[in-house]
Amino acid sequence: MPWDVKRQSSGPGSRAQERAQKQCKKSSFAFYQAVRDLLPVWFLEDMRATEAFHWEEGGTASTYSPSEALLYALVHDHRPYAQYLLGKFAQRALAVPSPTFSCCQAPSPHLAMAVRYNRVHILCRILRAVRDLPSGERAGYLDRRGCGRVEGGQTSLHVACELARPECLFLLLGHGASPCPRDAAGHTPLDLVLQQLGRSSGAAPRDQLLLLDLLFLYVPHGFPCPMRPQLLENRRHWQTLVGEPKFQWLVGLAPPSLFSRAMQVLVRAISPRHFPEALDQLPLPAFLKPLDLKLKS
């Protein structure tokens, strides 16, 4: 984390500021260790509220915000602390971190962080907080591009596909994330999954096929597939890799089967307020059953 403080001329005031700055750094590292060691929530909150962690330019010190504390909870998978912060502070816990904490003022770093570290349970909590927002605000939050340095201008959905996080992908889609956003390079999540499949030699990786199945439930029929020429050029390879029905759908030669259409209608009909709990009420195919159990375990 940056500590961009310009050195001033020597003197009693300058030495006092240097001592205060060093104390901020020590307190910050102690808080990081406390979250890492999964210490009790009451202890962490007492520490967060009383210690100074930021040394701002101009000589002022400040504590960590609920948003910044939540990022630490995500990194170290401190589920009780994350649950407390999201329940107690709601919108403040999902706000943008301060410039002294984050290198990039990404508008929704918590979603991307949860996906990157595969914190499925905390991601559930975040999405439960987000689903109380009006539909327009919720969609804007879910579909924002992340940090240009860390995520490369990708949305959380892109990160889930790039890192093969099927549980995270399903949660994001079920809570209303757009299945077809484009990143800074113009790629959609479907593009990323197909590129990864195209690089595989031999049998297709299970997680990538599961990602494709999940996107298949939400991507609208007729959505243009930029890799269509490559798929048609290596038809036999792709038919073996993804199966004939999905190949036909991807290249636009045939619509989804009646069964697939029925599954799409069923899954898309679930309100974000009832996802993923409502999955219990659906006759899900076998490939989604283990995923469903993981989400709610």
Between Y72 and Y81, ring centroids under 6.0 Å = no
Joint hydrophobic cluster, V265 plus M263, side-chain heavy atoms closer than 4.5 Å | no
To the nearest 0.5 angstrom, please state how far the SG atom of C124 sits from the CG atom of L171.
-> 4.5 Å
Stepwise side chain to side chain contact (heavy atoms under 4.5 Å, CB included) test for D77 and L38 = CA-CA 8 Å; D77 201 19; L38 306 181; 5.9 Å; no
Does Q33 CD have over 12 foreign heavy atoms under 6.0 Å away?
-> yes
Worked check of side chain to side chain contact (heavy atoms under 4.5 Å, CB included) between L190 and L194 = CA-CA 6 Å; L190 180 60; L194 290 176; 4.1 Å; yes
Report the distance from atom CG of L74 to atom CZ of R79, rounding to the nearest 0.5 Å.
-> 11.5 Å
So, does Q196 use its side chain to make a donor-acceptor pair with the main chain of Q208 at under 3.5 Å?
-> no
Does the side chain to side chain contact (heavy atoms under 4.5 Å, CB included) test come out yes or no for I126 and V130, once each step is laid out?
-> CA-CA 6 Å; I126 292 174; V130 172; 4.2 Å; yes
Atom pair CH2/OG of W249 and S257 - distance to nearest 0.5 Å = 12.0 Å
Side chains of R261 and Q264: is there a donor and an acceptor less than 3.5 Å apart?
-> yes
Heavy-atom nearest pair, D143 first then S178, reads OD1-N, 2.9 Å
D183 side chain to G186 backbone, donor-acceptor under 3.5 Å | yes
Quick one: does H78's side chain have a donor or acceptor within less than 3.5 Å of a partner on L39's backbone?
-> yes
Looking only at heavy atoms, which two atoms of L157 and P189 are closest? And how far apart?
-> CD2-CG, 3.9 Å
Is H274 atom NE2 crowded by more than 12 heavy atoms from other residues, nucleotides or ligands, each under 6.0 Å away?
-> no
Nearest heavy atoms of F275 and L279, plus distance in Å = CE1-CD2, 4.0 Å
Apply salt bridge (Lys or Arg N to Asp or Glu O under 4.0 Å) to the pair R92 and E68, showing each step before the final yes or no.
-> CA-CA 10 Å; R92 287 179 61 199; E68 294 155 0; over 6 Å; no
Hey, does the side chain of T50 reach the backbone of D46 with a donor-acceptor pair shorter than 3.5 angstrom?
-> yes
Report whether L214 and F259 are members of the same hydrophobic cluster (ILVMFWY, side-chain heavy atoms less than 4.5 Å apart, transitive linking).
-> yes
Can Y64 and S28 be counted as having a side-chain donor-acceptor contact under 3.5 angstrom?
-> yes
For L253, does the CG atom have more than 12 heavy-atom neighbours from other residues, nucleotides or ligands under 6.0 Å away?
-> yes
For R165 and V115, indicate whether the former's side chain and the latter's backbone hold a donor-acceptor pair under 3.5 Å.
-> yes
Ring pair (Phe, Tyr, Trp, His ring centres under 6.0 Å) filter on F223, not counting sequence neighbours, yields none
Measure the spacing between CD of E45 and OH of Y84 and express it to the nearest 0.5 Å.
-> 4.5 Å
Looking only at heavy atoms, which two atoms of R138 and P272 are closest? And how far apart?
-> NH2-CG, 4.0 Å
Hits for ring pair (Phe, Tyr, Trp, His ring centres under 6.0 Å) against Y117, two or more places apart or cross-chain, chain-then-number order -> none
Tell me whether the guanidinium CZ or amine NZ of R228 lies under 6.0 angstrom from the six-membered ring centre of F247 and within 45° of its axis.
-> no
Shared hydrophobic cluster for Y141 and I122 (ILVMFWY, side-chain gaps under 4.5 Å) | yes
F170, L209: one ILVMFWY side-chain cluster at the under-4.5 Å cut-off?
-> yes
Please name the pair of heavy atoms, one in L142 and one in A177, separated by the smallest distance, quoted to 0.1 Å.
-> CD1-N, 3.6 Å
Answer with yes or no whether the hydrophobic clustering places V219 together with L172; edges join I, L, V, M, F, W, Y residues whose side-chain heavy atoms lie under 4.5 Å apart.
-> yes
Got a donor-acceptor contact below 3.5 angstrom from the H110 side chain to the S67 backbone?
-> yes
Can you check whether Q83's main-chain N or O pairs, donor with acceptor, with R125's side chain at less than 3.5 Å?
-> no
Worked verdict on L215 versus L169 for side chain to side chain contact (heavy atoms under 4.5 Å, CB included) | CA-CA 8 Å; L215 287 170; L169 179 71; 4.2 Å; yes
Does H187 offer a backbone N or O that forms a donor-acceptor pair with the side chain of H158 under 3.5 Å?
-> yes
Separation between OG (S260) and NE2 (H221), nearest 0.5 Å, reads 11.5 Å
Has the side chain of R119 got a donor or acceptor atom that lies under 3.5 Å from a matching backbone atom of V75?
-> yes
Taking the side chain from D191 and the backbone from T188, do they hold a donor-acceptor pair closer than 3.5 Å?
-> yes
What are the two closest non-hydrogen atoms of L211 and C161, and how far apart are they?
-> CD1-O, 3.7 Å
